[in-house]
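Numbered from 1 within each chain, the chains take letters A, B, ... in sequence-line order. What's counted below: heavy atoms across the whole structure, side chains too, no hydrogens, waters or symmetry copies.
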Amino acid sequence: MTDSSPTPDPSARAQRLRTQIRQHNYRYYILDDPAITDAEYDALMVALRELESEHPELVTPDSPTQRVGAPPDDGFAKVTHETPMLSLDNAFDADDVRAWGERIHRRLAPDHDLEAAPLAYVAEPKVDGLAVALVYQNGRLTRAATRGNGRVGEDVTSNVRALRSIPLVLPADPAALPPEITLPERLEVRGEIYFPLSDFEAMNARLEEEGKSTYVHPRNAAAGGLRQLDPAITAERPLRLFAYAVPEPAALGVTTQSGLLDALRALGLQTNPHSRRFTDLEALIAFAEGWLGRRDELDYLADGVVIKVDSLRWQNELGAVSHHPRWAVALKAPAEETTTTVERIEVRVGRTGRLVPHATLAPAQIRGVTISQATLHNEDYVVERDIREGDTVLIKRAGDVIPQVVRVLPDLRPEGTTPWTMPAICPACGEPAERAEEESDTYCVNASCPAQLQRHLEHFVARGAMDIDGLGIKLVTLFIGEGLIQGVADLFRLKPEDLEGREGFGEKRIANLMAAIDAARDRPLGRLLVGLGIRHVGGTVAGLLARRFHSIDLLAEADEEALAEVDGVGPEIASSVVAWFELPRNRSLVEELRELGVRLADPEPETRAPDDDGPQPLADKRIVLTGTLPTLTRSEARALIEQAGGKVVGSVSKKTDYLLAGENAGSKLAKAEELEVEVVDEAWLRGVVGG
DNA sequence: GATCCTCGAGTTCG
DNA sequence: CTCGAGGATC
């Protein structure tokens with residue numbers, strides 16, 4: 001065996017074994033050049049384990065034997081990502097990529113001579129796996145979290161620690177680390193965890209042999225593996241990671257995406273071996289399209305090719321919109337399509353009264369998932385494609401998720417079909433339906449339409465609105481069916497006696513439900529406004545209105561002009577709000593809710609006038625943010641500014657009052673100086689807002 | 001008037 | 001996730 005000369009000192013011997021094992025992991029996973037057989041590797045592990053069990057005091061938390069720790073006891077803790085994990089903008093063909101290239105050139109051109117220093121890009125196949133964020137503190141893996149919704153993910157540290165392909169310690173091989181790369185105290189690495197296809201097939205073959213059920217999709221198997229409550233099971237799945245991003249790359253001493261990938265590799269993390277740098281976008285497109293056609297040569301599922309601007313400085317200047325960076329785009333592989341037949345087209349009624357045509361399909365498989373329904377959106381969608389009952393249609397899963405009818409195959413149309421038409425009446429209540437001239441949607445305008453009422457109640461109790469725990473679609477349906485409730489106000493009139501003696505309603509459940517309804521009386525105004533279902537008023541707009549008006553009475557009195565003064569509210573939303581409060585039935589609903597003890601106002605700080613948010617030192621000031629601030633994130637700075645009455649705008653112009661600049665400020669700083677805009681820093685902001 | 005971005009609403013399957 | 005449409009900005 002490799003460790004053939006045991007030293008008398010167990011501590012030194014343990015050290016040596018650990019180093020050997022780490023090096024073999026590194027060779028196996030990163031260099032793809034194993035120096036020993038699996039059996040030899042296992043023997044090293046056995047030796048280390050024996051040594052550690054004889055000398056428990058020698059066990060260190062980062063020892064390879066400690067990968068599988070205690071299973072988490074209940075579920076997974078939530079982790080908030082300090083820098084949100086954004087998704088990628090999609091391109092569906094080469095022209096979309098060209099348009100993206102032109103957009104970023106247009107954005108950078110005013111401030112830079114792009115002729116002299118052409119943009120470079122980095123492209124690599126896009127792995128269809130699970131995005132994760134790994135945190136290394138002083139080189140030790142201390143936390144691993146899933147992407148989740150981008151802002152909050154799940155803590156899967158103990159599971160990720162169980163994966164041999166992910167180093168517990170960085171650098172994995174100090175000798176291979178070039179001197180110019182510095183390991184910061186805290187390093188967050190982002191990447192994609194995936195199930196290699198060869199291993200996936202082997203696992204399925206084994207499961208089948210054992211008579212167990214197999215996995216349909218490698219991503220599900222990888223996700224299932226990561227979310228095992230028992231990390232020992234995770235350890236059996238040979239999941240791998242491609243690292244591709246670091247939220248704060250400056251700390252690593254790199255200036256480009258390609259340099260970042262080199263650094264990650266030098267630290268011992270695997271990166272996509274097919275990553276390539278281009279200065280010619282056309283050459284890159286050829287490369288990307290090449291991979292789209294040869295996806296099956298890869299040992300992982302790829303759903304496209306990721307393209308990024310190479311320069312981190314330019315990435316920084318391009319910035320991001322709310323859910324994707326401007327400096328990257330994913331050229332998506334065409335979604336897998338298949339054919340099926342339309343069994344029926346029916347029309348459903350949404351809570352707004354919108355009539356939505358819907359196709360029931362003969363069940364069809366796409367990538368192992370059975371599709372049996374698809375939305376047809378609106379009248380135009382069906383009529384333009386001339387989709388009829390009985391038709392054979394091409395379907396796909398848009399974004400690999402939402403079933404979509406792409407087009408009809410007219411040659412396969414049976415005899416005797418008739419074109420589909422939007423019904424003139426609401427299928428639920430039979431009242432006439434209306435479609436405004438310039439709109440694509442048809443509405444049932446009957447305010448007492450039972451379908452709308454049902455949807456409305458479901459919405460009222462849902463998360464995001466009044467959030468009544470334990471009250472969902474099922475109970476709403478039951479309560480309406482039994483005549484217990486006819487509108488949202490009736491929810492607050494429910495008494496325990498109404499439910500007693502019903503099947504499934506024990507004492508405990510009734511008490512819980514009553515408590516949940518009671519708790520809903522005290523929701524913030526914004527949530528109540530969401531629940532009321534005013535057209536164009538969702539979570540965001542409701543929050544804006546609540547912040548400005550504080551109470552439903554003041555909101556009800558506001559005219560269109562006053563409403564449109566709120567940033568984010570224009571004429572459409574304003575008129576929709578006014579129209580809602582003009583209806584007598586809505587006014588009386590508000591009165592009923594008031595009598596039933598539902599809170600209709602947000603508490604105001606004592607010293608405040610109704611339309612004052614406290615001191616407004618930055619009232620009407622327009623401020624641009626640039627660079628990295630010492631302690632505040634961009635969104636925190638934005639929140640502070642807005643709280644003080646200021647407005648954060650995207651680009652420097654004559655109308656800008658201040659430029660709030662941090663480190664690595666780029667063109668905005670130059671522009672501000674040119675336009676003689678006052679440049680300020682974080683300390684100034686804290687001073688002004690009294691922070 | 002064009003362009004970019006954000007928001008609301010409805011959406012499927014496991 | 002996708003669609004359509006509203007709003008901000010230049």
Next item on the list: Examine A/R385 relative to A/Y381 and say whether NZ or CZ is less than 6.0 Å from the centre of the six-membered ring and inside a 45° cone about the ring axis.
Entry: yes
Next item on the list: Can you see which heavy atom on A/L475 is nearest to which on A/G470, and at what distance?
Entry: CD1-O, 3.4 Å
Check: Do any of residues 301-308 of chain A sit with a heavy atom less than 4.0 Å from DNA chain B, and if so which?
Finding: none
Let me check something: any side-chain donor-acceptor pairs from residues 457-468 of chain A under 3.5 Å, sequence neighbours excluded? List them with distances.
{"from": "A/E458", "atom 1": "OE1", "to": "A/R455", "atom 2": "NE", "distance (Å)": "3.3"}
{"from": "A/E458", "atom 1": "OE2", "to": "A/Q454", "atom 2": "NE2", "distance (Å)": "2.8"}
{"from": "A/H459", "atom 1": "ND1", "to": "A/R351", "atom 2": "NE", "distance (Å)": "3.4"}
{"from": "A/H459", "atom 1": "NE2", "to": "A/V530", "atom 2": "O", "distance (Å)": "2.9"}

Check: How close or far is atom P of C/dA5 from atom NE2 of A/H377, stated in whole angstroms?
Finding: 13 Å
Next item on the list: Could you state the atom-to-atom distance from CD of A/E379 to C1' of C/dG4 in whole Å?
Entry: 16 Å
Checklist line | Separation of atom CD1 in A/I104 from atom C1' in B/dC4, rounded to whole Å | finding: 16 Å
Margin query: Considering every strand and a 4.0 Å limit on heavy-atom distances, what is the contact class for A/N220: base, sugar-phosphate, or nothing?
Written below: nothing
Margin query: With nearest nucleotide decided by heavy atoms, which residue, A/N378 or A/V569, maps closer to the 5′ end of DNA chain C?
Written below: A/N378
Next item on the list: Would you list the pairs meeting salt bridge (Lys or Arg N to Asp or Glu O under 4.0 Å) in which at least one residue belongs to residues 571-580 of chain A, sequence neighbours left out?
Entry: none
Note to self: Applying a 4.0 Å non-hydrogen cut-off, can you work out what A/R326 is touching in the nucleic acid: base, sugar-phosphate, or nothing?
What the structure shows: sugar-phosphate
Margin query: Applying side chain to side chain contact (heavy atoms under 4.5 Å, CB included), can you list everything that pairs with A/A556, at least two apart in sequence or on another chain?
Written below: A/F581
Next item on the list: Work out which heavy atom in A/E192 is nearest to a heavy atom in A/D128; give both atom names and the distance.
Entry: OE2-C, 4.3 Å
Margin query: Can you tell me if A/I473 has over 12 outside heavy atoms packed within less than 6.0 Å of its CD1?
Written below: no
Next item on the list: Using a cut-off of 6.0 Å, state whether more than 12 heavy atoms not belonging to A/E210 lie near its atom CD.
Entry: yes
Next item on the list: Measure from CD1 on A/I366 to C1' on B/dG14 and round the result to the nearest Å.
Entry: 16 Å
Margin query: Rounding to an integer number of Å, can you tell me how far A/K396 NZ sits from C/dC3 C1'?
Written below: 13 Å
Notebook entry, point to check: Hey, is the side chain of A/R106 poking within less than 4.0 Å of OP1 or OP2 on B/dT3, counting only N and O atoms?
Noted result: no
Next item on the list: Summarise how protein sits on nucleotides 7-13 of chain B as a single string, 5' to 3': B when a protein heavy atom is under 4.0 Å from the base, S for sugar-phosphate-only contact, - for no contact.
Entry: SSSSBBS
Check: What side chain to side chain donor-acceptor pair (under 3.5 Å) pairs are there with at least one residue in residues 527-546 of chain A, not counting sequence neighbours?
Finding: A/Y443-A/R535
Check: Rounded to the Å, how far apart are A/H324 NE2 and C/dT2 P?
Finding: 12 Å
Check: Rounded to the nearest Å, what distance is computed from the CG atom of residue A/N90 to the C1' atom of nucleotide C/dC3?
Finding: 15 Å
